[in-house]
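Okay, structure first, notes after.
Just so we're on the same page: letters track the sequence lines, and every chain starts at 1.
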Amino acid sequence: MPGMEGTELRIIGFLCNWCSYGGADTAGVSRFKQPTDLRIIRVPCSGRVDPLLVVKAFMEGADGVLVSGCHPRDCHYSEGNFYARRRLEVLKRFLPFMGIEPGRFEYTWVSASEGARWQKVVTDFTDQVHALGPRRNFGEGNGGGDIR
Amino acid sequence: MSSRKVAEALGIELVEVEDWSCCGSTPAHTVDHLLYGALAARNLAIAEKMGLATVVTPCPSCLVAFKSALEMVQDDGKRKELNELLDLPFQGEIQSKSLLQIIYEEVGVEAVAQRAKRPLEGMRLAPYYGCILTRPPKRAQFDDPENPITMDRILEALGAEVPEFPFKTECCGAAFGLPKRELVLTLSAKILEMAQEIGADALVVACPLCQQNLDLRQGQITSREGVSVDLPVLYITQLVGLALGFSPREVGLDKHAVSPNRLLKKWEEKLKE
Amino acid sequence: MRIGVFVCHCGTNIDGTVDSHQVAEEAKKFPHVVYATDYLYTCSEPGQQEIQQAVGEHDLDGVVVAACSPRMHENTFRRTIERAGLNRYMFEMANIREHCSWIGEDREANTHKAIELVRMAVAKVANHVHLHPSYFEVNKRVLVIGAGVAGMQAALDCADGGLDVVLVEKKSSIGGRMAQLDKTFPTVDCSICILGPKMVDVGQHEKIKLCTYSEIEDISGYVGNYTVNIRRKATYVDWGKCTGCGLCMEKCPSKKAYDYHNEGIADTTAINISFPQAIPKKATIDPEYCRQFTKGKCGVCAKVCPLGAIDYEMEDEIVAEEVGAIIVATGYGLLNMEELGEYGAGRYPDVITGIQYERFLNASGPTQGHVVRPSDGEEPKRVVFISCAGSRDASLDRPYCSNFCCMYIAKQAILTRDHIPDSEVYVFYMDTRSPSKGYEEFIRRAQEEYGVQYVRGRVSRIYPKGKRMVVRGADTLLGTQVEVETDLVVLATAATCAPEAEELAEKLRISYDEYGFYMESHPKLRPVETNTSGVFLAGACQGPKDIPAAVGQGSAAASKVLSLFSKDQLESDPQIAQVMELRCVGCLKCADTCPFQAIEEKELPDGRVVGHVIETVCQGCGLCTSICPSGAIQLQQCTDNQLIAEVEALCQAWRERSSG
């Protein structure tokens, strides 16, 4: 499939169904324009996102991974996003050891009413990943850099 | 004069920014926003280089200019543009505050009151904050934007009587002194008249331009606006200075167009009691 | 597997920026896909029929619809394939509208994105298994939180429908805001005269259990089976004995207590019944003012009470209630007027709020309906109303309209002219908003019949001048500044969320917006539902609204509960966690993690201990799946394999793309 190569990067988002997926819907309904790179996978709760899944996405060639859930204390499942926050923070600190720049992974909180916030999150994250460029495959030189 | 004296007495070390230049104030702002930011940023950059933590100014207009520059520098694009115009690199790591804010927040009302040797008893003072000291609130980040109270608290703590003054943040129009003098007279008259109406002995300001404007134009107002105004207009540190024990001459009270002598006499009589 | 893909054009909503036909054509190449097509409106009846037909003709056992958000139509299409004989869970949606066509203008990029989204959905369906719901019993009692007019209506409708209702109210009496009002617009009906009988109905209904002076402590459980702990705050009066005779109020020596019902324009006694029509008509002691509490001695009320109802030792009590559904009707709050420094509110006694003015106008208020200036008790001859005091004001982070102020200002202006015929009334307004039946006519009456002066413009400052106030503002129609000298200023302060609205939302696990108003499930089509099954909204807790709208929502929420309870058993969602006992090592991390205590220990015949999911309790969050070290507990429909399949399908597409 030609065409998009070179302009789009490979970004996966894992969004919780109740807040962030709804927020992305709200952004769509409000026609808030966003970069087209992101592909969204719906999960019930950000706490469902196993850090290994994020690693898997990078291993398979993703240039960036975004996880978004409900705001802390506002989780549909009461405390799922607290688990997510802990796990993903650890993951974020660990990724550089695998040679993945920390800027390629973010986790954030967007509620179902925050369409404009979602637009900003997507735009900023996409820009951030574009600033890093396409990710080199594992083993292809110094992809990570900042692990000190 | 009074600002330096008061700062010293309160333990605030003031260092003059080397080779400082005009912040640009309102005129620059109306012509070119980038240039406006750069003029202010130049002073801030020098201060940064001097290793200073805060740039303090007695003038709210300078303060707004500094804060605008500090806001601009947060934006990557604008920081680049600014720095292209400057000799020194400007990082925006310094902060800027008004002298009033420093006295209120860092010295503290109680500490000032404790050092007062000659409390301002017998003085009935109307605090006038002017248009831009507290506004826009997002930029000013100081006091209540529509009903500021910092000067009220300081003056009260020093023993003065501070009545409710409704026109605390009305504009005196000073910046229109050249293009539209009639407008300035109308606006200033309202403020002075209100202060007289609530029985104030003097108007206390936190802006040198307000001070100058409201002090110097009282003759014009009386002849043109059909209201008789005769009210001393003092800068806040002049009064703090008096309370701290400086003489009226030391805080520059001999340099006013409208003489504060009546106020001083009333005060001294009260102190003698 | 044999999967069919149906790509929707949604008119031009999708097809305008996504080549739907090309998406269908590409989908045909994906593994398992045996049929793919595009259609103008897939959710329409012929669109759904086409799916049903295709399932039969092509012997499909899985379906992907690429259209709008699954939050919109997932259930629609699940029912469609069920009608065609498939298991309803053998279905997936690709969101190519909200997440694709509506947010990008580049048709080529969007089309590629849509193709990839479909590919991911296909990969997920290929890993789907048949799921079957189980059924659980429903506790057919309903909890209504808030006994304002919306909550009362909801409680009455539920109770009349045969349900047992627990009605919890924070204040000592039911009635809410409406009980404070003098008249209602646009009919100028007496508010308490129409509300009072309804309050009596609530108080006397055998199906309604009233818990006033009570708050929600915590809530656990799920639709059909909630457990609610209610804090019954200490009233220091035994309500079983109190008859509401009011003797204690007459004799109470502490007469400076804050009068909440009168919004502070008058004082009340420390022991008081909040207003004459209160239900239940029982006294409460305000310990902040009661001398027994502040000074440690007094006891006057205990001496005068003929029934010995006073109990200074009373403590809060926590009561548990089991219910199956919850209606939230907690109403709204009002902006603290001291936030409006330019209006001098809070500093000048003659600048008051609309609700305070309402209490002056009210015949059962502290002035018996005589309007007076708070500063000197004189009758004002000129009154200025300021609308949008805090509403529609981005600088106060309240850009929204408070909905009912324009109308109540018109009402209060008319009443002012009625009460004081020689008065002059001014209204400063931004726009007058009067979209309901009879509303616009009402405002015209205020202007034409009652001669109320409407000035279009904002007020920049209010200041005192002698005994009067001066209101300085703009008249944007004349293009000038105006100054109006007046005796009294009334601010239509912004409606805010109810105090502590956020905390309650967190207990209920429902969402709220940035202003603290509760989020409905869908702004157009599910206005009283929340995203938490079994929790419904009524009235101004969802956003400022006037009485008829609040009453309508109260009834709507009640009808939702009645239809939910029309079945004896509810279907449980089978998209829950499942333990593969062979893999489970019995560490029970899942049980520790589960926020719902849905996982229990189970001993297998061979003595091995494994986790076991209680089907009806599991809410399907998948926390356990992420924590399980051996991958033994899997959230159905969102298993590790399914998520990996999605990721792999997408990455495969990317790789194919870059290799040309």
So if I apply the side chain to side chain donor-acceptor pair (under 3.5 Å) rule between A:Gln128 and each of A:Glu106, A:Arg104, A:Glu101, which one comes out positive? A:Glu106

Anything under 30° is parallel, anything over 60° is perpendicular, the rest tilted; go ahead and classify A:Tyr107 against A:Phe105. tilted

Is A:Tyr77 close to chain C through its backbone or its side chain, or both, or neither, when contacts mean heavy atoms under 4.5 Å? both

Regarding C:Asp218 and C:Asn229, is there a side-chain donor-to-acceptor distance under 3.5 Å anywhere? yes

Separation between CG of C:Asp513 and OH of C:Tyr400, rounded to the nearest 0.5 Å: 8.5 Å

Contact part of A:Cys16 toward chain C, heavy-atom cut-off under 4.5 Å: side chain, backbone, both or neither? neither

Polar side chain donor-acceptor pair, A:His130 to A:Asp37, under 3.5 angstrom: yes

Atom group of C:Phe596 that falls short of 4.5 Å from chain A, counting heavy atoms: side chain

Counting heavy-atom pairs under 4.5 Å with chain C, the top scorer among A:Lys33, A:Arg39, A:Lys56 is A:Arg39

When you compare the side chains of C:Asn110 and C:Asp19, does any donor N or O come within less than 3.5 Å of an acceptor on the partner? no

Contact part of C:Ser101 toward chain A, heavy-atom cut-off under 4.5 Å: side chain, backbone, both or neither? neither

Would you mind telling me which of C:Gln637, C:Arg509, C:His99 has the largest number of heavy-atom pairs within less than 4.5 Å of chain A? C:His99

Any chance the side chains of C:Gln542 and C:Glu520 put a donor and an acceptor closer than 3.5 Å? yes

Part of A:Val49 within contact of chain C (heavy atom distance under 4.5 Å): backbone

A:Leu38 portion near chain C, given a 4.5 angstrom heavy-atom threshold: backbone

Taking it one step at a time, do C:Met519 and C:Asn531 satisfy side-chain contact (heavy atoms from CB on, under 4.5 Å)? CA-CA 8 Å; C:Met519 289 281 294; C:Asn531 277 336; over 6 Å; no

Taking A:Ser78, A:Gly28, A:Ser111 one by one, which has the highest count of heavy-atom pairs under 4.5 Å against chain C? A:Gly28

The interface call for A:Tyr21 against chain C, heavy-atom contacts under 4.5 Å, is both

So, A:Asn81 versus A:Ser46: side-chain donor-acceptor pair below 3.5 Å or not? no

Could you check whether C:Glu116 and C:Trp654, counting side-chain N and O atoms only, form a donor-acceptor pair closer than 3.5 Å? yes

Measuring heavy-atom distances to chain A, does C:Ile644 have an atom under 4.5 Å in its side chain, in its backbone, in both, or in neither? both

Toward chain A, the part of C:Ile627 with a non-hydrogen atom under 4.5 Å: both

Spell out the residues in residues 64-73 of chain A that have some non-hydrogen atom less than 4.5 Å away from a non-hydrogen atom of chain C, in order of number; otherwise answer 'none'. A:Arg73

What pairs meet the salt bridge (Lys or Arg N to Asp or Glu O under 4.0 Å) rule with one or both residues in residues 618-647 of chain C, with sequence neighbours excluded? A:Arg48-C:Asp640

